[in-house]
Amino acid sequence: MEIIKVKDYQEMSNEACSLIVENIKEKPKSVLGLATGSTPEGLYQQLIRKYQQKEVSFQQALTFNLDEYVGITIDDPNSYYYFMNEKLFNHIDIQKSNTYIPNGMVDNLDKECHDYEQLIRHAKYIDIQLLGLGLNGHIGFNEPGTSFSSRTHIVDLDESTRKANARFFDSLNEVPTKAITMGIDTIMESKKIVLLVSGEKKADAVTRLVNGAVSEEFPASILQKHNNVIVIADEAALKKM
Ligand code: F6R
């Protein structure tokens, strides 16, 4: 695991942006695994800037998002579908038909999980998977206790995760209780993983991710077993290391 220490959130975003732009320049048909949440927003702004400056084109790229809430329509501003369009896809030249996000509104969720796996397989797997880090060690929405051999599946969100995400909703009651997420094994199949972490409140989590025991009780610890992981973390997040 390589750890790149940066000064702050902006530098973290710039560093991640360079990695992705480099990858797309080398391989225009790159398959990118994307995340939502607060952590990658600065990176997405940087990618938009690079596109506007004509330094990169996403014409041929493919994307797979990690997760989506169950029971929230795509036109709801809290859906991850809406988030990705707003924060990235609407502002770059990616073909929308090449952007995949699990659909949490279908009747047959098990089939959706299965089909999502097939799509990733057909794309010949993810070149760079971006990850944020949950305070409880979740990656995607794989909460503590999730099997390391899990594939795309439906999860019950932890109370702590619902509370952490309540900031985006009018009240905690409105935060969904279920989500669809790539599994840990699905994430681990990615050729390269880039985990972004910023801020003091993630300091315990990132320390445990890097130095803690590999255990299903702390899902992100599995990344110690992947042979191509880059953690880009700012000084505040690395405070306890
Ligand atoms: C988002 C995701 C989550 C977040 C994590 C950190 O698609 O899969 O694992 O990356 O909850 O969220 P933020 O970045 O808001 O601290």
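Start at 1 and go down the list; that is how both ligands and their atoms are numbered.
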Requested in this report: Decide side chain to side chain contact (heavy atoms under 4.5 Å, CB included) for K96 and F89; before the verdict, give the C-alpha distance in whole Å, the side-chain angles of both, and the deciding distance to 0.1 Å.
Outcome: CA-CA 7 Å; K96 288 278 176 73; F89 300 150; 3.7 Å; yes

Query raised in the report: Quick one: ring pair (Phe, Tyr, Trp, His ring centres under 6.0 Å) partners of F58, sequence neighbours excluded?
Result: none

Requested in this report: Just let me know how T36 lines up against ligand 1, side chain, backbone, both or neither, with a heavy-atom cut-off below 4.0 Å.
Outcome: both

Report task. Could you tell me the residue and atom name of the protein heavy atom closest to atom 2 (C) of ligand 1, and the distance to it rounded to 0.1 Å? Result -> D67 OD2, 3.3 Å

Query raised in the report: Quick one: does ligand 1 sit under 4.0 Å from the side chain of L131, the backbone, both or neither, non-hydrogen atoms only?
Result: neither

Report task. Report yes if some N/O of N165 lies less than 3.5 Å from some N/O of ligand 1; otherwise report no. Result -> no

Query raised in the report: In terms of side-chain heavy atoms, does D158 have a donor or acceptor partner in N136 at a distance below 3.5 Å?
Result: yes

Query raised in the report: What's the shortest distance from atom 11 (O) of ligand 1 to any protein heavy atom, and which residue and atom give it?
Result: H138 NE2, 2.7 Å

Query raised in the report: Hey, looking at atom 9 (O) of ligand 1, which of G140, G132, G134 has the closest heavy atom?
Result: G140

Query - Per-atom contacts, ligand 1 versus R167 - under 4.0 Å to a heavy atom - result: 15 (O)

Query raised in the report: Between Y69 and F168, does the ring centroid distance fall short of 6.0 Å?
Result: no

Requested in this report: For atom 13 (P) of ligand 1, find the nearest protein heavy atom and state the residue, atom name and distance (0.1 Å precision).
Outcome: T39 OG1, 3.5 Å

Report summary line: The answer for which part of K201 has a heavy atom under 4.0 Å from ligand 1 is neither

Query raised in the report: Under 4.0 Å from any heavy atom of L66, which atoms of ligand 1 are there?
Result: 8 (O)

Requested in this report: Go through D115 and K111 one step at a time and tell me if the salt bridge (Lys or Arg N to Asp or Glu O under 4.0 Å) criterion holds.
Outcome: CA-CA 6 Å; D115 291 351; K111 181 173 182 300; 2.8 Å; yes

**Report entry** Evaluation steps, salt bridge (Lys or Arg N to Asp or Glu O under 4.0 Å), between R162 and E159
**Finding:** CA-CA 5 Å; R162 293 185 64 243; E159 209 43 31; 3.3 Å; yes

